[in-house]
Amino acid sequence: DPNFYVFEGGRTVSGITIDAMPALMAGCAPYSQKGTDWVHTKGRAIGYDFFNRGYSTASFSSRALDKTIKSGQWSMLYDLLVGAMEYVVDPTKMKWTFDNSEGSDDRKMLPKFEEWLMKLGSNETTSNAPVYAQFYNFNLHYPYLKDPEKPSFSHRVYDGLATTDEFLQRLFEILEKSGRLENTIIVGSGDHGEDPFKATYVRLSALNSNVL
């Protein structure tokens with residue numbers, strides 16, 4: 001299918017989100033403290049580029065944007081997830097229950113995404129204007145989401161993958177229904193590697209993990 005591309009052999013700079021996600025979303029792979037300081041500076045995220053070019057912007061996170069991200073050990077992620085975003089959805093704001101550690105089911109974000117697109121589509125100013133939306137999905141973060149209404153797989157990570165398949169299918173359906181699918185570029189990536197079949201968080205010692 002000429003509309004789908006798979007890039008293999010992509011590597012991450014770190015096995016931990018506080019390094020890997022900023023590098024991914026800022027387009028800079030820091031290998032020094034100077035580079036790390038640069039990529040952690042407010043305003044580096046790709047969302048700012050779209051916002052400054054007049055795009056409508058939205059961020060959807062199934063991981064709670066709680067105090068650990070706003071001001072705690074994960075604070076360098078906060079601006080990546082909310083900076084330059086006109087509309088922000090997360091479990092704390094939506095008062096969703098937690099289904100996977102500090103995250104809610106990724107699929108809960110999709111109705112909010114559809115509502116956002118419908119609202120833009122009903123406004124003459126934004127109906128045909130370009131948009132930028134980002135999703136921070138958490139179902140495949142340890143301990144991996146298990147849908148209690150579905151049969152279990154041989155490993156919990158497969159349970160999480162099944163919900164991710166459903167998320168992606170519904171995402172494409174929403175884009176098609178909104179009339180935006182044929183004019184949309186979708187990019188997906190892990191922020192770091194993982195090997196759940198070896199040990200929990202084995203990625204933390206794998207500084208050159210394959211993420212694509």
Side-chain angles (χ1 to χ4, degrees), residues 4 6-25 58-70 72-78 80-82 88-114 133-174 186-212:
F4 289 83
V6 176
F7 298 90
E8 297 180 344
R11 319 302 286 190
T12 181
V13 299
S14 172
I16 188 168
T17 300
I18 59 176
D19 296 322
M21 184 186 287
L24 180 70
M25 297 187 69
S59 179
F60 302 84
S61 173
S62 61
R63 199 275 191 206
L65 302 181
D66 55 20
K67 62 181 180 180
T68 64
I69 285 187
K70 290 182 178 180
Q73 67 181 111
W74 308 100
S75 59
M76 69 290 297
L77 306 180
Y78 189 66
L80 301 174
L81 296 171
V82 305
V88 176
V89 168
D90 84 288
T92 303
K93 183 178 180 180
M94 297 293 113
K95 301 186 186 316
W96 292 335
T97 57
F98 291 159
D99 306 300
N100 184 45
S101 187
E102 60 270 32
S104 293
D105 190 333
D106 296 341
R107 295 170 294 183
K108 292 180 181 178
M109 298 186 289
L110 292 170
K112 307 307 294 184
F113 174 60
E114 185 171 22
Q134 61 185 35
F135 291 88
Y136 180 27
N137 291 29
F138 211 69
N139 282 11
L140 281 174
H141 191 284
Y142 183 82
Y144 316 113
L145 182 81
K146 166 68 177 71
D147 188 334
E149 298 182 3
K150 301 291 179 65
S152 296
F153 288 88
S154 59
H155 193 287
R156 181 93 177 206
V157 71
Y158 294 133
D159 295 320
L161 280 168
T163 67
T164 298
D165 284 346
E166 292 181 12
F167 172 91
L168 291 172
Q169 178 181 352
R170 182 63 184 137
L171 176 65
F172 275 81
E173 290 172 350
I174 290 171
I186 301 172
V187 179
S189 174
D191 61 348
H192 50 61
E194 184 63 283
D195 192 342
F197 304 103
K198 288 183 179 179
T200 303
Y201 294 146
V202 66
R203 59 179 164 78
L204 295 178
S205 60
L207 301 182
N208 192 30
S209 295
N210 191 326
V211 295
L212 296 178

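All values reported here derive from a predicted model rather than from experimental measurement.
When side chains are defined from C-beta on, Val89 counts as touching Met94, because their heavy atoms get closer than 4.5 Å. For the pair Leu171/Phe135, a side-chain contact is recorded, criterion being any heavy-atom separation below 4.5 Å from C-beta on. At least one side-chain heavy atom of Ile174 sits under 4.5 Å from a side-chain heavy atom of Arg170.
Qualifying side chain to side chain donor-acceptor pair (under 3.5 Å) partners for Glu149, counting only residues two or more places apart in sequence or in other chains: none. Residues that satisfy the side chain to side chain contact (heavy atoms under 4.5 Å, CB included) test with Lys150, not counting sequence neighbours, are Arg107, Asp147, Glu166. The ring-ring contact (aromatic ring centres under 6.0 Å, His included) test applied to Tyr158 returns Phe197, not counting sequence neighbours. Applying the side chain to side chain donor-acceptor pair (under 3.5 Å) rule to Asn139 yields the partners Asp105, Thr163; only residues at least two apart in sequence or on another chain are considered. Every residue two or more places apart in sequence or in another chain was checked for a side chain to side chain donor-acceptor pair (under 3.5 Å) with Ser104, and none qualifies.
Note that CZ of Phe98 is 5.0 Å distant from OG1 of Thr92, once rounded to the nearest 0.5 Å. Distance check, rounded to the nearest 0.5 Å: OG1 of Thr164 to CG of Leu140 gives 3.5 Å.
Using modelled atom types, one side-chain atom of Ser59 and one backbone atom of Leu81 make a donor-acceptor pair closer than 3.5 Å. Remark: side-chain polar atoms of Gln134 are paired, donor with acceptor, to backbone N or O of Leu80 under 3.5 angstrom. Asp159 places no side-chain N or O within donor-acceptor distance of the main-chain N or O of Leu145, the cut-off being under 3.5 Å.
Shown here for Ser189 and Leu24, the closest heavy-atom pair between the two residues is OG-CD1, 4.1 Å. Pairing each heavy atom of Leu77 with each of Pro22, the nearest pair is CD2-CD, 4.0 Å. Looking at every heavy atom in both residues, Asp66 comes nearest to Thr68 through OD1-OG1, 2.5 Å. Asn100 and Pro143 make their closest contact through OD1-CD, 3.3 Å (heavy atoms, listed as atom of the first residue, atom of the second, distance). Between Tyr142 and Ser101, the closest heavy-atom pair is O-CB, 4.4 Å. Considering all non-hydrogen atoms of both residues, Ser152 and Lys146 come closest at OG-CE, 2.8 Å.
Note on residues 95-104: pairs passing salt bridge (charged side-chain N to carboxylate O under 4.0 Å, His left out), not counting sequence neighbours, are Arg63-Glu102, Asp99-Lys108.
A parallel orientation is assigned to the rings of Phe138 and His141, their planes being inclined by less than 30° (bins at 30° and 60°). Note: Phe60 and Phe113 have perpendicular aromatic rings, judged against thresholds of 30 and 60 degrees for the angle between ring planes.
Heavy-atom contacts from other residues, nucleotides or ligands closer than 6.0 Å to NZ of Lys67 number 12 or fewer.
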Task: Check against side-chain contact (heavy atoms from CB on, under 4.5 Å), Leu65 and Val88 - done: CA-CA 10 Å; Leu65 302 181; Val88 176; 4.0 Å; yes

